[in-house]
Amino acid sequence: MHELLLFASVPAHQHNELLQQLAGLTAMQPCHRLERRLIFKAYRKPGLINTRGGASQDLQGADLPRLNKMLNGGMFYTQVVGPLSDADFDTEPSFSGERGDAPMSGTDDTPVGTGSYDYDNQSWRLEFRDIPEAGTRSTITSRLMASAALPKGDIMTPMNAWGYSFVTEYLVEGDVFIHNDIVIFLHRVLQYPMHGQEPHGPRQQLPSFREMSPLERTGSYVLQAAITVQDGSNQELMKTASQHLFGLREQLKSAVRLEQADRLSLDTRAK
C-alpha cells in the first residue's frame with residue numbers, strides 16, 4: 001500500500017477555530033483519538049526473522065504474511081500502536097479555555113495511574129512506514145506503508161523474538177475527521193512524566209493525564225491529511241488521490257498551509 005500525505009503546523013490559539021472549520025467542512029463532529037506509540041529498532045539482519053511461532057499463532061491468517069514481509073524488509077525503526085480511551089487514565093483529559101494553550105503540568109506527588117487501564121488486555125498493531133520516495137516532482141509526501149494486528153498484552157516477547165528492541169514510547173492525542181477518502185488528523189505528541197530512569201519497556205500502568213506534557217512546548221498541533229492507496233503502482237489511482245489532497249489544501253488555504261513534509265525528517269531507517 002501507499003500513503004499520500006500533506007502536513008501543516010497549527011498554533012495552539014488556532015486549535016479550537018480549526019476544529020470548528022473541519023467539522024463544518026466534513027459535516028461531522030471530531031472523533032477523539034488517544035494512542036500509545038511504542039518505537040522499536042531492528043537489530044537483526046533481514047531474512048533472519050521468523051514469525052511462524054510463539055505469539056504469532058494468535059495472528060489472523062491475512063496478517064501473518066504481511067507481518068513477515070514488514071519485519072524482513074530491512075533495518076528500520078517501526079512503531080507499535082495501541083488505542084486508548086479517556087477512561088484508561090485516572091484523570092480524563094480536561095482543558096480550560098482553548099486546548100493546548102499551555103503545557104500540562106504535574107507535581108511529584110501526583111498519584112500514579114489508577115484508571116481502568118489493563119495492560120494485559122491492550123490491543124496492538126504494528127505499523128511500518130518506509131522513508132518517503134525521492135526524486136518525485138509531486139508536492140505530496142508519498143511512502144510505502146503496511147500494518148498488521150499483533151497479540152494483546154505483553155508485546156516485548158514477540159518483538160524481541162522478531163529482532164526488535166524497545167527504544168521509547170509516547171502518546172498521541174487528537175481528533176479525526178473523514179472527508180471523502182481523506183483522513184484528517186489534528187493531533188499533538190505528549191510525553192510521559194519522568195520519575196527516575198526511563199523504563200526499558202512499555203509502561204504497565206498509565207499516569208494521570210495531567211502529568212503528560214506536550215513535546216512541542218508552545219502547545220502547537222500537527223494537521224495531517226492522508227489518503228491510502230491500495231495499489232501504488234496504479235498511476236491513475238495515485239493521481240486521483242493527489243488531486244483530492246490538492247483540493248483539500250485549496251479548501252483550507254485560508255486557515256492553514258498544507259505542505260509536503262521534509263523527506264529526511266520521516267526517515268525510518270535504523271543506522
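- Interatomic distance, Glu173 CD to Tyr221 OH, rounded to the nearest 0.5 Å: 5.0 Å.
- Note on Met28 and Leu22: same hydrophobic cluster, where clusters join Ile, Leu, Val, Met, Phe, Trp and Tyr whose side-chain heavy atoms are under 4.5 Å apart, directly or indirectly.
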### Task
Go through the steps to decide whether Lys239 and Gln235 satisfy the test side-chain contact (heavy atoms from CB on, under 4.5 Å), and finish with yes or no.
CA-CA 6 Å; Lys239 180 179 179 181; Gln235 293 303 310; over 6 Å; no
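- Scanning for side-chain contact (heavy atoms from CB on, under 4.5 Å) contacts around Ala255 gives Gln14, Leu18, Gln21, with sequence neighbours left out.
- Residues meeting the side-chain contact (heavy atoms from CB on, under 4.5 Å) test with Val167, sequence neighbours left out: Ile39, Lys41, Tyr77.
- Rounded to the nearest 0.5 angstrom, Leu19 CG and Leu186 CG are separated by 5.5 Å.
- Ion pairing of Glu250 with Lys253 is present here, as a side-chain N (NZ or NE/NH1/NH2) and a carboxylate O approach within less than 4.0 Å.
- Applying the side-chain contact (heavy atoms from CB on, under 4.5 Å) criterion to Gln191, with sequence neighbours excluded, gives Ser213, Leu215.
- The salt bridge (charged side-chain N to carboxylate O under 4.0 Å, His left out) analysis of residues 117-126, with sequence neighbours excluded, yields the pairs Glu35-Arg125, Arg125-Glu127.
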### Task
Test Phe40 against Tyr164 for ring pair (Phe, Tyr, Trp, His ring centres under 6.0 Å), laying out the working first.
CA-CA 6 Å; Phe40 287 84; Tyr164 283 77; 7.2 Å; no
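- Using a distance-only test at 3.5 Å, with no hydrogens or angles considered, no donor-acceptor pair links the side chain of His187 to the main chain of Asp175.
- Between atom CD1 of residue Ile227 and atom OG of residue Ser142 there is a gap of 11.5 Å, rounded to the nearest 0.5 Å.
- Val81 and Val222 fall into different hydrophobic clusters, where Ile, Leu, Val, Met, Phe, Trp and Tyr are joined by side-chain heavy atoms under 4.5 Å apart, directly or via other members.
- A continuous path of hydrophobic side-chain contacts links Leu237 to Phe246 [ILVMFWY only; heavy atoms under 4.5 Å].
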### Message
If you apply the rule side-chain contact (heavy atoms from CB on, under 4.5 Å), what do you find for Arg249 with Thr139, and how did you get there?
### Response
CA-CA 11 Å; Arg249 183 175 66 180; Thr139 54; 3.8 Å; yes
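- Side-chain atoms of Asp154 and Tyr119, non-hydrogen and from C-beta on, do get closer than 4.5 Å to each other.
- Taken to the nearest 0.5 Å, the CD1 atom of Ile178 stands 11.0 Å off from the CZ atom of Phe185.
- Remark: Gln29 CD is loosely packed, at most 12 non-hydrogen atoms of other residues, nucleotides or ligands lying under 6.0 Å away.
- With sequence neighbours excluded, no residue satisfies side chain to side chain donor-acceptor pair (under 3.5 Å) with Asn234.
- The salt bridge (charged side-chain N to carboxylate O under 4.0 Å, His left out) pairs that include a residue from residues 138-148 are Glu3-Arg143, where partners are two or more places apart or lie in different chains.
- Residues Pro30 and Phe177 share a closest heavy-atom pair of CB-CZ, 3.4 Å.
- Across every non-hydrogen atom of Pro193 and Met212, the tightest pair is CD-SD, 4.0 Å.
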### Message
Between Asn180 and His244, is the side chain to side chain donor-acceptor pair (under 3.5 Å) condition met? List the steps.
### Response
CA-CA 9 Å; Asn180 300 321; His244 289 178; over 6 Å; no
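- From Arg33, atom CZ reaches atom CG of Leu84 across 12.0 Å, with rounding to the nearest 0.5 Å.
- Within the 4.5 Å cutoff, no side-chain heavy atoms of Arg37 are placed close to those of Val189.
- Between the CE atom of Met145 and the CG atom of Leu4 there is a distance of 11.0 Å, given to the nearest 0.5 Å.
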### Task
Check the pair Leu248 / Leu6 against side-chain contact (heavy atoms from CB on, under 4.5 Å), numbers first and verdict last.
CA-CA 10 Å; Leu248 178 66; Leu6 288 174; over 6 Å; no
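- With respect to the salt-bridge test (charged N to carboxylate O, under 4.0 angstrom), the residues Arg36 and Glu169 qualify.
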